[in-house]
**Student:** 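Okay, handing you the structure first.
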Amino acid sequence: MAGQKASRRERIKKGIRKNLAGTSERPRLSVFRSNKGIYAQIIDDNAGKTLVAASSLSKELVASGNKVEQSKAVGKLVAEKALAAGINKVVFDRNGYLYHGRIKSLAEGAREGGLDF
């Protein structure tokens with residue numbers, strides 16, 4: 001069962017990434033969700049470098065509340081770091097996950113933090 005779920009997500013992820021790439025002008029905001037945490041990074045695909053990263057496990061973030069609230073805080077944190085690095089427009093990569101729950105919460109937090117996508 002777990003293999004089927006992972007392969008399904010990989011297929012969806014490949015379909016998304018076929019039409020989506022981060023450039024230096026508009027990098028990609030990629031999201032990864034595990035059972036315990038949520039991770040976000042802003043990536044320049046042309047250079048192959050991660051420009052900004054944040055997670056629910058980072059020391060800057062005080063983990064309180066449920067996972068959805070933590071996701072929103074991670075979105076705000078990644079937006080704050082991105083604006084400090086001079087990035088204000090990104091392409092959102094949901095990485096094969098449904099735009100619902102923690103993924104949606106992270107996106108809303110990033111938008112509230114000042115990122116445009």
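Remember, it's a predicted structure, so these values are computed and weren't measured experimentally.
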**Student:** Among all residues two or more places apart in sequence or in another chain, which pass the ring-ring contact (aromatic ring centres under 6.0 Å, His included) test with Tyr97?
**Tutor:** none

**Student:** Mind checking the NZ-OG spacing from Lys67 to Ser34? Nearest 0.5 Å is all I need.
**Tutor:** 8.0 Å

**Student:** Is there a donor-acceptor contact under 3.5 Å from the side chain of Lys81 to the main chain of Leu51?
**Tutor:**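 Judged by distance alone, no pair lies under 3.5 Å.
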
**Student:** Please check if Leu20 and Ile12 belong to a single hydrophobic cluster, counting links between Ile, Leu, Val, Met, Phe, Trp and Tyr side chain heavy atoms closer than 4.5 Å.
**Tutor:** yes

**Student:** Could you state whether Leu57 and Ile42 fall into the same hydrophobic cluster, counting links through intermediate Ile, Leu, Val, Met, Phe, Trp or Tyr residues with side-chain heavy atoms under 4.5 angstrom apart?
**Tutor:** yes

**Student:** Could you tell me which non-hydrogen atom of Pro27 sits nearest to which non-hydrogen atom of Ile87, and how far apart they are?
**Tutor:**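 Heavy-atom minimum between the residues: CG-CG2, 3.8 Å.
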
**Student:** Only counting residues at least two apart or in another chain, list the ones meeting side chain to side chain contact (heavy atoms under 4.5 Å, CB included) with Asn19.
**Tutor:**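 Counting only residues at least two positions away or on another chain, Asn19 forms no side chain to side chain contact (heavy atoms under 4.5 Å, CB included).
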
**Student:** Can you tell me how far apart CZ (Arg94) and NZ (Lys104) are? Round to the nearest 0.5 Å.
**Tutor:** 13.5 Å

**Student:** Is Phe32 linked to Leu77 within one hydrophobic cluster, defined over Ile, Leu, Val, Met, Phe, Trp and Tyr using a side-chain heavy-atom separation of less than 4.5 Å?
**Tutor:** yes

**Student:** Donor-acceptor pairs under 3.5 angstrom involving side-chain atoms of residues 109-117: please list them, not counting sequence neighbours.
**Tutor:**
| unit_1 | atom_1 | unit_2 | atom_2 | d |
| --- | --- | --- | --- | --- |
| Arg111 | NH1 | Tyr99 | OH | 3.1 |
| Glu112 | OE1 | Lys76 | NZ | 3.4 |
| Glu112 | OE2 | Lys72 | NZ | 3.2 |

**Student:** When hydrophobic residues are tied together by side-chain contacts of less than 4.5 Å, even through go-betweens, does Leu61 share a cluster with Ile103?
**Tutor:**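 As far as the 4.5 Å side-chain criterion goes, Ile103 and Leu61 are connected within one cluster.
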
**Student:** Is Val78 linked to Ile43 within one hydrophobic cluster, defined over Ile, Leu, Val, Met, Phe, Trp and Tyr using a side-chain heavy-atom separation of less than 4.5 Å?
**Tutor:**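 No, it is not one cluster - the side chains of Val78 and Ile43 are not joined through contacts under 4.5 Å.
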
**Student:** For the atom pair CG (Asn46) and CD (Glu25), what is the distance rounded to the nearest 0.5 Å?
**Tutor:**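 CD of Glu25 is found 7.5 Å from CG of Asn46.
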
**Student:** Over all heavy atoms of both residues, which pair between Gly22 and Asp44 is shortest? Give the atoms and the distance, please.
**Tutor:** O-OD1, 3.8 Å

**Student:** Minimum heavy-atom separation for Arg9 and Gly96, please, with both atom names.
**Tutor:**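 Nearest heavy atoms, Arg9 then Gly96: CG-O, 3.7 Å.
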
**Student:** Let me confirm one number: the CG-OG distance from Asp93 to Ser30, rounded to the nearest 0.5 Å.
**Tutor:**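 So the gap between those two atoms works out to 4.5 Å.
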
**Student:** Provide the closest heavy-atom pair for Val52 versus Ala85 in the form atom of the first, atom of the second, distance.
**Tutor:**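 So the minimum-distance heavy-atom pair works out to CG2-CB, 4.2 Å.
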
**Student:** Rounded to the nearest 0.5 Å, what's the gap from CG on Asp45 to OG1 on Thr23? Could you check?
**Tutor:** 8.5 Å

**Student:** Calculate, to the nearest 0.5 Å, the distance between atoms OG and NZ belonging to Ser56 and Lys36 respectively.
**Tutor:**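 The NZ atom of Lys36 is 11.0 Å from OG of Ser56, to the nearest 0.5 Å.
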
